[in-house]
Amino acid sequence: MNLKTIMNVIIIAGGTIVMHADTKEQESLLRWSDFALEQINEQLGTAYAPGRGHWSIQANSTSFAALAVAGKKKEALQVLDYIVSNHVSSGTGKQWGESWISALAIERMMHGIELLKDDISPETQAKIKKMMIREADWLLDKYEVVAAIDNKTGKNKPESNIWNGCILHRTALMYPELPRAAEYRKKGTLFLLNGISIPSDAKSIYEYDGKALKDWHIGANFTEEMGLNHHGYMNVGYMVICLSNIAMFHFACKENGWQAPEALYHNTEKLWKLVKLLTCEDGRLWRVGGDTRVRYCYCQDYAVPMWLFAADYLKDKDAEKYLENWRKIVSNEQDYNGNGSFLGKRLTELYDASPLYYLRLEGDRAVTLSMYLKWRGLCNKKSLEDKYSECGGWYDSFHGAAVERSQKRLVSWVWEAAGKASCQMAPADSSDMLEWTWNGIGKIEGSGFRNYPRIIQKKLTKTDGGFYSSGILEWVSEGDPAEGTGPEQVEITAQEYIAAFALPDDRTMVIVQKAVKRGDGFLKTVKGVFWQMPNDIYNDSKRTYLANGKTFIVKGGDQGSKGILKLGDSVCIDGKINLELLSGGESLSLYSPGKRQVKINGDSKTYGRSGGNLYCDEICSPCKDAFSFYKDGTVLFENVFVVSLKDGEAAYEKYLKHDENKLSIELKSKKEVYLMNVEFIDKAGKEQDLCNSDFSVKSR
């Protein structure tokens, strides 16, 4: 079958549908399939990503479904046989299954099985049935349903509760003759109602299957404001994963003519409203709480089925816009790679560190594209509405999180973020300017393998159209290579006092930082301000900086070279954002890393082993990137800086008064005066340290 034929006709679960021969998406999936087949051939034709345990199976299940939709029937069936033949129900091979994550692999490949069901041999069909029953029985008999908001409890399991609930219902619908089908449905509903669960569910008398929700309720996985603490931080990505798994079963029910359980849709509308607020115009997720994983992969990819669901079930007309714009980003990166892969050049170092992990991410992107191609024709586009706003504010006390979004500005602060404490601000149409880990916080590294801050104090106050926050961070360094230093031992390297003000003017943010060395010792990195500016393939690896009356074009990505450029006290980035240092010991510097430096930010066992996955310029004051010795009590940096949108409005008159432990900042426009006060009390550990802030606005 030639390329044109494959692109025109795909057999879909009992019928034939005509695909548009010139669709960019189908062509993209076909190009990826050639890349995937090279991987299969390199593995002697056994699988796309052979290996042990669920990680390999996750990669193979996604690649199977993607190959099936791409028209690579022979190879897809081969990978499917590898998957089912190695499941515990088969009794042979490298076994997988009967785990909290087994159902995820199965759910993500089911649309491929449905597509090829007339081509799957009776023997393999029997293996699939045995696999489904074995998983369902294990979940029914041996797996407890738990839920909790705080990830530290070990019970925050929204996404796995959802996919486990889906597979139980799916098994009952696929094989209604099974003697335990009713039991599968009942426990499946228990899982689903404790997926996107919130505290008020515990009092709800709304009935599911004849029983009040409060009687189904095990616990809340989300805060009442829909904040999610998955993996221990405010995790926008796993909000998407939850909705993506709901989408997969939703479309399975629709395509097969099944009656979907009402529990499947529990709290989906509430969650979508927040996720939409945190989705940028181009489809990129606004990760206000950060991300410990590879940038713009995995959770980002599974927004595709979520958007299809939002369009079909929630009737949101903007979902199609996100789909279209994100597919353009995916296509541009694939074109950039030149070999059919989706991520080949940007994640070269990840492949060198872990081919299996790399192939897993390729499979995730491919399978979500296959879901789009498989399900887009099922979406009802006749009644789309404009009922969920893209703009507004959000506050969540559990995470110390505040967000403001308008047609002009994205601005956020989150204390319980990945890596702790992150602030972001960018023009609303420039999501490529967002990076989160310690952004606007600073960066202090000792000689340990892993360096990060811990929260000592935090306070966040929401205002009308903005917010202000203050607190104390304790920087630590763990895993010093010195002999006799265990990975569990940490060194307190510095204490940082920080305050931030998002003004209700829709254009300005003011940040105050003061970091003090704790104990005599060496530090490898001391970077104040630390405003990060992604400079990679998404902006054609080029940023334009205006400073000291001169324009500088700085290249990044594969073209970047390491260096430090002095900027003076202010800089304008791409004519969109101004950053001005009001007070600080050194002028601003632009640090170019020379290679992609943003890494997977896991625990001490995994940190740094992924290689870089995104290139970022760094605007710092000071910018010290080599070991130096510091005495206890040394002030490492003490900065006051303003980040503002360059929107044509007149700049503020700025006033700064600095007493011993107090700062007063005043910004005046023609109409308003913004007053900010910050108090730092440093007792050097003898008494309670303190960082307070207050904010007011008055008319002139």
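Residue numbers count from 1 along this sequence. Keep in mind it's a predicted model, so treat the numbers as computed, not measured.
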Checklist line | Over 12 non-hydrogen atoms of neighbours within 6.0 angstrom of NZ in Lys542 | finding: no
Notebook entry, point to check: Below 4.5 Å, heavy atoms only, C-beta onward: do Cys423 and Met509 meet side chain to side chain?
Noted result: yes
Note to self: Working to the nearest 0.5 angstrom, can you tell me the gap between Asp536 CG and Asp432 CG?
What the structure shows: 10.5 Å
Next item on the list: Could you go through the side-chain hydrogen bond (donor to acceptor under 3.5 Å, both in side chains) check for Asn677 and Ser664 one step at a time?
Entry: CA-CA 5 Å; Asn677 296 299; Ser664 294; 2.9 Å; yes
Checklist line | Heavy-atom side-chain contact between Val571 and Ile619 under 4.5 Å | finding: yes
Check: Any side-chain heavy atom of Leu350 within less than 4.5 Å of one from Tyr357?
Finding: yes
Margin query: Give me the atom names and distance for the closest heavy-atom approach of Ile472 to Trp415.
Written below: N-CH2, 4.4 Å
Note to self: Could you report the tightest heavy-atom contact between Ser621 and Leu588, atom names first, then the distance?
What the structure shows: CB-CD2, 4.1 Å
Notebook entry, point to check: Can you check whether Cys620's main-chain N or O pairs, donor with acceptor, with Glu586's side chain at less than 3.5 Å?
Noted result: no
Notebook entry, point to check: Is there a side-chain contact (heavy atoms from CB on, under 4.5 Å) between Arg295 and Trp436 once you walk through the steps?
Noted result: CA-CA 10 Å; Arg295 296 298 186 264; Trp436 32 83; 3.1 Å; yes
Next item on the list: Using a strict 4.0 Å threshold on nitrogen-to-oxygen distance, state whether Lys345 and Asp558 make a salt bridge.
Entry: no
Notebook entry, point to check: Under the side-chain hydrogen bond (donor to acceptor under 3.5 Å, both in side chains) criterion, do Asp352 and Tyr358 qualify, and how do the steps go?
Noted result: CA-CA 9 Å; Asp352 292 340; Tyr358 170 80; over 6 Å; no
Margin query: Donor-acceptor check, side chain of Asn235 to backbone of Gly237, threshold 3.5 angstrom: yes or no?
Written below: yes
Margin query: Looking at Thr348 and Gly344, would you say the former's side chain and the latter's main chain have a donor-acceptor pair under 3.5 Å?
Written below: yes
Next item on the list: Starting at CG of Asp150, measure out to CG of Asn156 and round the result to the nearest 0.5 Å.
Entry: 8.0 Å
Check: More than 12 heavy atoms of other residues, nucleotides or ligands under 6.0 Å from NZ of Lys576: is that the case?
Finding: yes
Notebook entry, point to check: Looking just at side-chain N and O atoms, do Trp286 and Gln424 make a donor-acceptor pair shorter than 3.5 Å?
Noted result: yes
Note to self: Less than 4.0 angstrom from a charged side-chain N to a carboxylate O is my criterion; do Arg543 and Asp617 meet it?
What the structure shows: no
Note to self: Using side-chain heavy atoms (C-beta onward) and a distance below 4.5 Å, is Val490 in contact with Arg454?
What the structure shows: yes
Margin query: Using ring centroids (six-membered ring only for Trp), state whether Phe552 and Tyr545 fall under 6.0 Å.
Written below: no
Notebook entry, point to check: Are any side-chain N or O atoms of Glu474 and backbone N or O atoms of Ile492, one a donor and one an acceptor, separated by less than 3.5 Å?
Noted result: no
Margin query: Could you check whether Asp506 pairs with Arg405 (Lys NZ or Arg NE/NH1/NH2 to Asp/Glu carboxylate O, under 4.0 Å)?
Written below: no
Check: About how many Å separate CG of Asn332 and OH of Tyr336, when rounded to the nearest 0.5 Å?
Finding: 12.0 Å
Check: Should Phe695 and Tyr674 be marked as a side-chain contact (heavy atoms from CB on, under 4.5 Å) after you check the CA-CA gap, both sets of side-chain angles, and the distance that decides it?
Finding: CA-CA 7 Å; Phe695 170 80; Tyr674 297 103; 3.7 Å; yes
Next item on the list: Taking all heavy atoms of Arg287 and all of Cys299, pick out the closest pair and write down the distance.
Entry: NH1-CB, 4.0 Å
Item checked: Residue pair Tyr591 / Asp625, side-chain donor-acceptor N/O under 3.5 Å -> yes
Next item on the list: Check whether the side chains of Asp480 and Ser447 place a donor and an acceptor atom closer than 3.5 Å, and report yes or no.
Entry: yes
Notebook entry, point to check: Which pair of non-hydrogen atoms, one from Phe637 and one from Val526, has the smallest distance, and what is that distance?
Noted result: CD2-CG1, 3.9 Å
Margin query: Could you walk me through whether Tyr538 and Tyr296 satisfy the ring pair (Phe, Tyr, Trp, His ring centres under 6.0 Å) test, starting with their C-alpha distance in whole Å, then the side-chain angles of each, then the deciding distance to 0.1 Å, before giving a yes or no?
Written below: CA-CA 10 Å; Tyr538 302 114; Tyr296 309 128; 5.2 Å; yes
Margin query: Quick test of your reading of the model: are Lys657 and Glu666 salt-bridged, counting only N-O distances below 4.0 Å?
Written below: no
Check: Is it true that Trp413 and Tyr468 have ring centroids separated by less than 6.0 Å?
Finding: no
Notebook entry, point to check: Is there a donor-acceptor pair under 3.5 Å between the side chain of Gln513 and the backbone N or O of Gly528?
Noted result: no
Notebook entry, point to check: Is the shortest distance from a Lys or Arg side-chain nitrogen in Arg284 or Asp282 to a carboxylate oxygen in the other one below 4.0 Å?
Noted result: yes
Next item on the list: Enter the distance from Phe641:CZ to Leu581:CG here, rounded to the nearest 0.5 Å.
Entry: 8.5 Å
Check: Side-chain contact, heavy-atom cut-off 4.5 Å: Asn578 with Val643?
Finding: no
Check: Atom CD in Gln300, atom CG in Leu285: separation rounded to 0.5 Å?
Finding: 4.0 Å
Check: Would you say the side chains of Gln495 and Trp475 form a donor-acceptor pair under 3.5 Å?
Finding: no
Checklist line | Salt bridge present between Lys408 and Asp647 (N-O < 4.0 angstrom) | finding: yes
Margin query: Can you see whether Asn151 engages His231 through a side-chain donor-acceptor pair at a distance of less than 3.5 angstrom?
Written below: no
Note to self: Can you tell whether the side chains of Glu333 and Arg365 come within less than 4.0 Å, N to carboxylate O?
What the structure shows: yes
Notebook entry, point to check: Does the distance from a Lys or Arg side-chain N to an Asp or Glu carboxylate O, for Lys599 and Glu349, drop under 4.0 Å?
Noted result: no
Margin query: Return the OG1 to CD distance between Thr493 and Glu445, rounded to the nearest 0.5 Å.
Written below: 9.5 Å
Item checked: Heavy-atom pair with the smallest gap, counting every atom of Lys631 and Thr634 -> O-OG1, 2.7 Å
Margin query: For the NZ atom on Lys458, are there more than 12 heavy atoms of other groups (residues, nucleotides or ligands in this structure) within a distance under 6.0 Å?
Written below: yes
Item checked: Test log, rule side-chain contact (heavy atoms from CB on, under 4.5 Å), inputs Asp364 and Tyr302 -> CA-CA 8 Å; Asp364 288 323; Tyr302 284 98; 2.7 Å; yes
Check: Is any side-chain heavy atom of Gln597 closer than 4.5 Å to a side-chain heavy atom of Cys616?
Finding: yes
Next item on the list: Could you please spell out the steps behind the side-chain contact (heavy atoms from CB on, under 4.5 Å) verdict for Ser412 and Leu278?
Entry: CA-CA 10 Å; Ser412 65; Leu278 303 178; over 6 Å; no
Margin query: For a 4.5 angstrom cut-off between non-hydrogen side-chain atoms, does Val288 reach Val236?
Written below: yes
Notebook entry, point to check: Counting N and O atoms only, with roles assigned by atom type, does the side chain of Tyr615 sit under 3.5 Å from a partner on the main chain of Gly594, one being a donor and the other an acceptor?
Noted result: yes
Next item on the list: Could you tell me how the ring of Phe530 sits relative to the ring of Trp438: parallel (under 30°), tilted (30 to 60°) or perpendicular (over 60°)?
Entry: tilted
Checklist line | Any donor-acceptor N/O pair, Thr279 side chain to Gly283 backbone, under 3.5 Å | finding: no
Check: Between Asp569 and Ser587, does any side-chain donor sit less than 3.5 Å from a side-chain acceptor?
Finding: no
Check: Does a side-chain heavy-atom distance below 4.5 Å link Leu675 with Leu667?
Finding: no
Check: Can you name the closest pair of heavy atoms from Asp520 and Lys517 and give their distance?
Finding: C-NZ, 4.1 Å
Checklist line | Test salt bridge (Lys or Arg N to Asp or Glu O under 4.0 Å) applied to Arg409 and Glu404, step by step | finding: CA-CA 8 Å; Arg409 179 180 70 166; Glu404 283 293 333; 5.9 Å; no
Check: Where does the angle between the aromatic ring planes of His230 and Tyr238 fall among parallel (under 30°), tilted (30 to 60°) and perpendicular (over 60°)?
Finding: tilted
